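Working notes, structure below.
The shown structure was predicted, so the numbers you read here are calculated from the model rather than taken from an experiment.
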Amino acid sequence: KIVSDFELFGEASMQIIKKRGGGLSSINHIPKEKVVPQIADEEGIIRGYFYCDNWARTSQNPPEYFPAFGEGSKTETEIFCIKPYKAGKNYFPDCDYVAGLQYCLMEEEISNYHVSHIENGLSFGYIINIPNGASYTTEEKDLLERKIKSKLTGSNNAGKFIISFNGVDAEITVTSIENNDAHKQWQFLVQESRQQIMTAHRVTSPMLFGIKDNTGFGNNAEELDTAEAQLMKRVIAPKQNYIIDALEFMVVLDTMPMD
């Protein structure tokens, strides 16, 4: 759980429970979204943290204060928050994949578009021409548009048409909007967002995650081994070492004599 929070939030929190006579009793994981640091002191050091089970309803779940690790007494329960240093991020650091968040949003919007496109009958929309539109008042036009929406669209398809109020002699016509090149645009956006998301996560080879190229699996065996070794060395191992160093720091600090 600590590793999961560290990867997701860029930091992780642990609850340090002490023995009655001093010393560590246990180290427990605390969900990072439930821990908030107090304002740093004049030296820029965070001396404590607030824990709340639901920050959206603090009146029903009053936050509880805990001293930071090394700041409490021998019997107090403490909170230890580990996070790598990042300039200007004293309280909440950015996650490692922050550069890819916009492309994740792009992936979501592309998915929503395709679902809406299918639910809308694979059409890019319609233009409804209304005769004698100049004689309608603004209120009448709004009322007519709402009635057409309620008849022709569902909750996910609202606004999939354009209403045009024409002259007296014009007839009511419904014109479909065509876009024959849209698939090329979406193909580029999907490939670009996928590449940027993997880059933000420092993926050494897409094949490690089941994204294969045009060559066969047997020809890529050596490339897979090399990519896995580089991913382990340059991405995973530094994070493992950081967490292990933090655990060792807690044990060493706990064994040091206190004034």
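- Under the 4.5 Å side-chain contact rule for hydrophobic residues, Leu224 and Val203 share a cluster.
- When all heavy atoms of Gly10 and Pro93 are compared, the closest pair comes out as O-CG, 3.8 Å.
- Considering all non-hydrogen atoms of both residues, Ser205 and Ala227 come closest at CB-CB, 3.3 Å.
- Using a 4.0 Å cut-off between a side-chain N of Lys or Arg and a carboxylate O of Asp or Glu, Asp94 and Lys86 do not qualify as a salt bridge.
- The six-membered or imidazole ring of Phe66 lies away from that of Phe50, with a centre-to-centre distance of 6.0 Å or more.
- No side-chain donor-acceptor contact under 3.5 Å links Ser111 to the backbone of Glu107.
- Salt bridge Arg202/Asp96: absent, no basic N to carboxylate O contact under 4.0 Å.
- Between Ile243 and Lys239 the shortest side-chain heavy-atom distance does not fall below 4.5 Å.
- The backbone N or O of Arg57 lies less than 3.5 Å from no partner atom in the side chain of Gln60, so there is not a single donor-acceptor pair.
- Side-chain atoms of Thr58 do not come within 3.5 Å of backbone N or O of Trp55 as any donor-acceptor pair.
- A donor and an acceptor atom, one from each side chain of Gln230 and Thr204, are nowhere located under 3.5 Å apart.
- Val98 and Tyr242 fall into different hydrophobic clusters, where Ile, Leu, Val, Met, Phe, Trp and Tyr residues are linked whenever their side-chain heavy atoms come under 4.5 Å apart, directly or through other members.
- The existence of a salt bridge linking Lys18 and Glu78 is confirmed by a sub-4.0 Å separation between a basic side-chain nitrogen and an acidic carboxylate oxygen.
- Nearest heavy atom pair, residue Glu140 against residue Thr137, reads OE1-N, 3.0 Å.
- Between the Asp5 side chain and the Lys32 main chain, a donor and an acceptor come within less than 3.5 Å of each other.
- With Tyr49 contributing its side chain and Glu64 its backbone, the two residues share no donor-acceptor pair below 3.5 Å.
- Between the side chains of Gln195 and Gln191, no donor N or O sits under 3.5 Å from an acceptor N or O.
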